[in-house]
Amino acid sequence: MRFARLLKTERLARGISQEALAELAGLHRTYVGSVERGERNIAVDNMEALANAMGLDVSDLLKAQ
């Protein structure tokens, strides 16, 4: 859930839609939405793709708040 929460927070802070993020990461929009809602167990390679699409390291989306 930490990844999901930070992913959404960072996406919104950058003004990126789920659709745009999905396109940048090479993923489907509905997949990004379900990840942000914590409905999916996301693979590490998809975590990396989403982080890279926003110019982040995957560790930035896993850090404790």
Side-chain angles (χ1 to χ4, degrees):
M1 289 304 294
R2 179 180 299 148
F3 180 86
R5 185 177 57 251
L6 289 174
L7 176 66
K8 184 174 183 176
T9 300
E10 291 292 336
R11 179 181 63 76
L12 292 173
R14 287 167 169 68
I16 301 171
S17 68
Q18 285 181 346
E19 186 174 7
L21 177 58
E23 187 174 321
L24 290 168
L27 300 169
H28 195 274
R29 179 194 53 80
T30 58
Y31 178 79
V32 173
S34 64
V35 167
E36 285 187 354
R37 290 187 300 276
E39 297 172 350
R40 292 188 178 260
N41 291 324
I42 185 170
V44 174
D45 58 336
N46 288 340
M47 286 179 160
E48 188 171 21
L50 289 165
N52 289 341
M54 291 192 291
L56 298 169
D57 188 88
V58 71
S59 65
D60 296 326
L61 297 175
L62 294 172
K63 65 184 176 193
Q65 285 187 327

Filter on salt bridge (charged side-chain N to carboxylate O under 4.0 Å, His left out), then keep only pairs touching residues 14-25, sequence neighbours left out; what's left?
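Qualifying pairs, neighbours excluded: Glu10-Arg14.
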Under the rule for salt bridge (Lys or Arg N to Asp or Glu O under 4.0 Å), what residues qualify as partners of Arg40, not counting sequence neighbours?
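For Arg40, no residue satisfies salt bridge (Lys or Arg N to Asp or Glu O under 4.0 Å) once neighbours in sequence are set aside.
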If you group Ile, Leu, Val, Met, Phe, Trp and Tyr by side-chain heavy-atom gaps below 4.5 Å, do [X] and [Y] land in one group?
X     : Y     : result
Leu27 : Leu12 : no
Ile16 : Met47 : yes
Leu61 : Tyr31 : yes

Euclidean distance, Asn41 CG relative to Asn46 CG, rounded to 0.5 Å:
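Asn46 CG to Asn41 CG: 12.0 Å, rounded to 0.5 Å.
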If you take all heavy atoms of Ala4 and Gly38, which pair is closest and at what distance?
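Reported closest heavy-atom pair: CB-N, 4.2 Å.
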Quick one: side chain to side chain donor-acceptor pair (under 3.5 Å) partners of Thr30, sequence neighbours excluded?
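By the side chain to side chain donor-acceptor pair (under 3.5 Å) rule, Thr30 matches His28.
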What residues, two or more places apart in sequence or in another chain, satisfy side chain to side chain donor-acceptor pair (under 3.5 Å) together with Gln18?
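Listed in chain order: Glu36.
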Sidechain-backbone polar pair: Arg37 side chain, Gly33 backbone, donor-acceptor under 3.5 Å:
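Side chain of Arg37 to backbone of Gly33, a donor-acceptor pair under 3.5 Å: yes, one is there.
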Ala22: partners by side-chain contact (heavy atoms from CB on, under 4.5 Å), with sequence neighbours left out
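If we apply the side-chain contact (heavy atoms from CB on, under 4.5 Å) test to Ala22, skipping adjacent residues, the hits are Arg29, Val32.
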Taking distance alone, no hydrogens or angles, what donor-acceptor pairs closer than 3.5 Å link side-chain atoms of residues 48-60 to residues at least two apart or in another chain?
unit_1	atom_1	unit_2	atom_2	d
Asn52	ND2	Glu48	O	3.3
Asp57	OD2	Ser59	N	2.9
Asp57	OD2	Ser59	OG	2.7
Asp60	OD2	Asp57	N	3.1

